[in-house]
Amino acid sequence: VQLQASGGGLVQAGGSLRLSCVASGIFFSLNDMAWYRQAPGKQREWVASVSITGHTDYADSVKDRATVSRDNAKNTIYLQMNNLKPEDTAVYYCNGLCGKFSWGQGTQVTVSS
């Protein structure tokens, strides 16, 4: 299993980023997928998820600022983040629900104030 996240970077508060994560070694279209993040000194937390039917859910901290989507043809999950805040600074990972697969390296998002 490989979960390769990309698209992170350094952005000013109020800016936007689109994260991507390509999955290999899993039956992607048969799995609910999710984004997680881990800030320095904090536990990893769930951010958003998209089911195999396209139903989406969001953590309260990102609701109305984030959009999660998937492209089964590309085995890819996306996270569009708008109006970024310094507290969004973290390493972002994708995985199945409850982190059922091996974790990839993630992509660093840093939001400056």
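Along the sequence shown, residues are numbered consecutively beginning with 1.
A salt bridge is defined here as a Lys NZ or Arg NE, NH1 or NH2 lying under 4.0 Å from an Asp or Glu carboxylate O, and D60 with K63 meets this definition.
Judged by distance alone, with hydrogens and angles left aside, the side-chain atoms of Y93 form no donor-acceptor pair with the main-chain N or O of A34 at under 3.5 Å.
At a threshold of 4.5 Å between side-chain heavy atoms, the hydrophobic network of Ile, Leu, Val, Met, Phe, Trp and Tyr places V1 and Y92 in one connected group. Cluster membership check: L84 shares its hydrophobic cluster with L79, using side-chain heavy-atom separations under 4.5 Å among Ile, Leu, Val, Met, Phe, Trp and Tyr.
Here M33 contributes atom CE and N75 contributes atom CG; the two are 9.0 Å apart, rounded to the nearest 0.5 Å. Rounded to the nearest 0.5 Å, atoms OG1 (T67) and CE (M81) are 10.0 Å apart. The CH2 atom of W103 sits 8.5 Å away from atom SG of C94, with the distance rounded to the nearest 0.5 Å. For the atom pair OG of S61 and CG of D88, the computed distance is 7.0 Å after rounding to the nearest 0.5 Å.
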Please list every donor-acceptor pair under 3.5 Å in which a side-chain atom of residues 10-30 meets a protein atom from a residue at least two apart or in another chain.
residue : atom : partner : partner atom : Å
S16     : OG   : N82     : OD1          : 3.0

List the atom pairs, with distances to 0.1 Å, where a side-chain N or O of residues 106-113 and a protein N or O form a donor-acceptor pair under 3.5 Å, not counting sequence neighbours.
residue : atom : partner : partner atom : Å
T107    : OG1  : G8      : N            : 3.0
Q108    : NE2  : A90     : O            : 3.4
Q108    : NE2  : T110    : OG1          : 3.3

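Between D32 and S49, every side-chain heavy-atom pair lies at or beyond the 4.5 Å cut-off. By the 4.5 Å heavy-atom criterion applied to side chains, R37 and V62 are counted as neighbours. Under the 4.5 Å side-chain criterion, counting only non-hydrogen atoms from C-beta, W35 is in contact with I77. Residues N31 and F101 are in side-chain contact: their nearest non-hydrogen atoms beyond the backbone lie under 4.5 Å apart.
Summarising the local packing, CD of Q80 is surrounded by more than 12 heavy atoms from other residues, nucleotides or ligands at distances under 6.0 Å. By the 6.0 Å contact criterion, CD on Q2 is open, its count of non-hydrogen atoms from other residues, nucleotides or ligands being 12 or less.
Sequence neighbours left out, not one pair with a member in residues 54-91 passes ring-ring contact (aromatic ring centres under 6.0 Å, His included).
Shortest non-hydrogen contact noted between S51 and T53 is OG-OG1, 2.8 Å.
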